Amino acid sequence: MKAIDRRTFISSGIKVLATGLLSSLVTVVLPPATGTAGGTASREWPKLWQQREWGFVVDARKCIGCGTCVWACKRENGVPMDREVYRTWVERYVIGPNDQLYIESPQGGASFDRIGGSVPEKSFFVPKLCNQCADPPCVQVCPVGATYRTGDGVVLVDRVRCVGCRYCIQACPYGARFLHPDLMVADKCTWCYHRISKGMLPACVQVCPVGARIFGNLKDKGNPVTPIMARNQVQVLKPDMGTEPRVFYLGLDKVVR
Amino acid sequence: MVGFVYPNELEVNWGLLIVLYPYITGLVAGAFIVSALYHVFNRQALKPVGGLALLTALSFLLVAPLPLLLHLGQRFRAFNIMWTPNPTSAMAGFGYIYGFYLLLVALEVWFVFRADIVRYAESSRGVVRVFYNILSLGAKDTSDETLALDHRITRWLAVIGIPAAVLLHGYVGFIFGAIKANPWWSTALQPVIFLMSAVVSGIALLIVVYTVTSWLRRRPVDFSCLMSLNRYLWFFLVVGVGLEILEVIHKMYESREEWEALNRLLTDVMPVSFFGIQLGLGAAVPLVLLLVGRWSRLSNLWRASLTFVSGLLVLVGVYAMRFNVIIGGQLVSKTLAGFASYHASFFGNEGILQTVVLLMVPLAILGVLLRVLPPWVEIPALGERIPEAEEEEVAI
């Protein structure tokens, strides 16, 4: 058998290694050339996204703290009812004499107790949900790219890719994310993406008895959100975080964070 | 729970396992830097711990990813972080940085101990001989030239290893420091603070490991080496704690909206853990003891004991620092109007027992490594100038 000298051995070794590396890179970088059954469906999304831009307004002045939205959300989205995890919740602010501030959200505001004693100086409710930020820190920090923002403006979690490291939960300034206790992946409000994609309203908007939650497609002419945005001063939560929240509030008090 | 926290904040998401992760990588980075002080900067006083530091770093490095893996909600997807990394995520670099560093330390160990491995292979027989032969990877040339080459490579690996160690641990600090949502974590100083405390914990660990192993082997501790470690520990401790205090003073002076909550965190929620253990028992006390330990009018036994006790205290203090940053940061609600509460369970995942076991595993690995590749060197003669690869080393 002919002996191979060291130089040939090393140089051919490097060639084999380089070819292998390059070909594996190509398969990773290049998109699949032919569409599969799933591929055709995924190509339609960008077209749908061009026709949609979802908008959400919360009118804090209207909320009566009935908690119906909290229940509806949990039922609609399979969030365990008996665990302290919420895709949406309602906070109650009570300002007593001497500017004493009491904030609470027992069971996510699903059922508030009556305020005992004297009538408070001032009190109000604030419904909270994911702000679907335009510049979302949760998407930035996800190590595996399991969370992403869709073209029509909703931040979603890919339950098959999420590793459950909870970095996104730490990164959200609004406490809108949690680890799903049964699935062990990150979970959050999706504005009921499965419903709105089919022309329905998010569950919380659908059930709100007083119309404190207003939702629509900003690219639809007759949507209810655009006129409210046009005629009112709106606020967002924690604007200094630079996340560009996309839930717009009417009647937000300065103590609300 | 005190005051108001967002309903999703009732559970503390990152528990004892995530406290352990920066603690262990910090020990690795610190131990490696001590070995680099000898291998690169040629600090001859540190020669007795040069090899020991390297093996200690490797032992802890092997265990470092374990707490992260155990913490994941989906452990079987752990490698997604390397298959599909998200380039904007600070965390996505972990797999690559860790892998690179592991390779580097393993290579460094191999080159430092190669001559020994060959010698053990030659002087042993049977299974042991086969084992050492495999460890040598067939590289059995121990001529002066090859050993000199080994020595040069060792040195260069250590030169690369220093920025790598800085990266490995500064990066851990960045993971926390770059989270704007958390007022207790978010600061550009965080990577530097983590790095300094890493060096501090690594030196302290070596003081403890070196003293204990010497005692177990019934050999005297090299006193000048111990005093050298004492001085390094004191210096890095001053810098590290100085930065930690600076951060708090800066936040206090600026008094932004989050200060009221942070102030209450330190003074109300965890004063014992912060002032008592992290700054008091883990920093102020060892700073004094280390100084007293250098007082030449005391007996050597006293000075060694004071240094040893300081090492132990610093190890506790740095653990408290990791705890106070990671758990403390999650106790402050993002509402800035309340505090979550944290109680570690004893058994189970994220439990205290698990932490203790995970801290014992690297020591067990170290025990095995010390038997396989004894790093002990005889006390060098005065004015010795022989490169260490050529020296006679005593195996037990």
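All chains are named by letter (A, B, ...) in the order of the sequence lines, taking the proteins before the strands, and each is independently numbered beginning at 1. The basis for the numbers below is simple: all heavy atoms, side chains too, and nothing from hydrogens, waters or symmetry mates. This structure is a prediction, so every number in the text was calculated from the model and none was measured.
By the 30° and 60° cut-offs, the orientation of the rings of Trp14(B) relative to Tyr167(A) is parallel.
Interface with chain B: from residues 175-183 of chain A, residues Gly175(A), Ala176(A), Arg177(A), Phe178(A), Leu179(A), Leu183(A) qualify, criterion being any non-hydrogen pair under 4.5 Å. Contacts with chain B (heavy atom to heavy atom, under 4.5 Å) involve no residue of residues 63-78 of chain A.
If you take CD1 on Ile81(B) and SG on Cys165(A), they are separated by 7.0 Å, rounding to the nearest 0.5 Å. Atom CD in Glu11(B) sits 7.5 Å away from atom CD1 in Ile169(A) (nearest 0.5 Å). For the atom pair CE of Met241(A) and NZ of Lys180(B), the computed distance is 7.5 Å after rounding to the nearest 0.5 Å. Interatomic distance, Asn8(B) CG to Ser105(A) OG, rounded to the nearest 0.5 Å: 9.5 Å.
Val185(A) approaches Arg77(B) most closely through the heavy-atom pair CG1-NH1, 3.8 Å. The minimum heavy-atom distance linking Pro143(A) with Ser89(B) is given by the pair CA-OG, 3.3 Å. Minimum heavy-atom separation, Cys142(A) to Asn86(B): O-ND2, 2.7 Å. Residues Tyr6(B) and Pro173(A) share a closest heavy-atom pair of CE1-O, 3.9 Å. The shortest non-hydrogen separation linking Thr88(B) to Val139(A) is OG1-O, 4.1 Å. Here the closest non-hydrogen pair linking Ile179(B) and Gln170(A) is CG2-O, 3.5 Å.
Other residues, nucleotides and ligands contribute at most 12 non-hydrogen atoms within 6.0 Å of the OH atom of Tyr102(A). Within a 6.0 Å sphere centred on CZ of Phe174(B), other residues, nucleotides and ligands contribute 12 heavy atoms or fewer. Within 6.0 Å of atom CZ in Arg149(A), more than 12 heavy atoms from other residues, nucleotides or ligands are found, so the atom counts as buried in its surroundings. When the shell of 6.0 Å around CG of Asp268(B) is examined, it contains more than 12 heavy atoms from other residues, nucleotides or ligands. Summarising the local packing, CG of Asp240(A) is surrounded by more than 12 heavy atoms from other residues, nucleotides or ligands at distances under 6.0 Å. Heavy-atom neighbours of Glu260(B) CD from other residues, nucleotides or ligands within 6.0 Å: at or below the threshold of 12. Atom CZ of Phe79(B) is surrounded by 12 or fewer heavy atoms from other residues, nucleotides or ligands within 6.0 Å. For Glu257(B), the CD atom sits in a packed shell: over 12 heavy atoms of surrounding residues, nucleotides or ligands are nearer than 6.0 Å.
When each of Val5(B), Asn182(B), Ile175(B) is checked for heavy-atom pairs under 4.5 Å with chain A, Ile175(B) comes out on top. Between chain A and the residues Gln330(B), Met82(B), Arg75(B), the most heavy-atom pairs under 4.5 angstrom are made by Gln330(B). Across Val163(A), Ile103(A), Val141(A), the residue that shares the most heavy-atom pairs under 4.5 angstrom with chain B is Val163(A). Ranking Leu10(B), Leu68(B), Asn80(B) against chain A, the residue ahead of the rest is Asn80(B), based on heavy-atom pairs under 4.5 Å. Counting heavy-atom pairs under 4.5 Å between each of Leu101(A), Val160(A), Val85(A), Val256(A) and chain B puts Val160(A) at the top.
Both the backbone and the side chain of Thr84(B) come within less than 4.5 Å of a heavy atom in chain A. The contact between Arg159(A) and chain B is made entirely by backbone atoms, counting heavy-atom distances below 4.5 Å. For Gln140(A), the parts sitting under 4.5 Å from any heavy atom of chain B are the backbone and the side chain alike. Heavy atoms closer than 4.5 Å to chain B are found nowhere in Asp187(A), neither backbone nor side chain. Gln107(A) does not touch chain B: none of its heavy atoms, backbone or side chain, sits under 4.5 Å away. Heavy-atom distances place the backbone of Tyr174(A), and not its side chain, under 4.5 Å from chain B. With a 4.5 Å cut-off on non-hydrogen atoms, Ile18(B) does not touch chain A at all. Looking at Leu72(B), both its backbone and its side chain come within 4.5 Å of chain A, counting heavy atoms on both sides.
Between Gln74(B) and Cys162(A) there is no side-chain heavy-atom pair separated by less than 4.5 Å.
Partners of Lys334(B) under the salt bridge (charged side-chain N to carboxylate O under 4.0 Å, His left out) rule, at least two apart in sequence or in another chain, do not exist in this structure. In terms of the side chain to side chain donor-acceptor pair (under 3.5 Å) criterion, Lys238(A) has no residue partners (sequence neighbours excluded).
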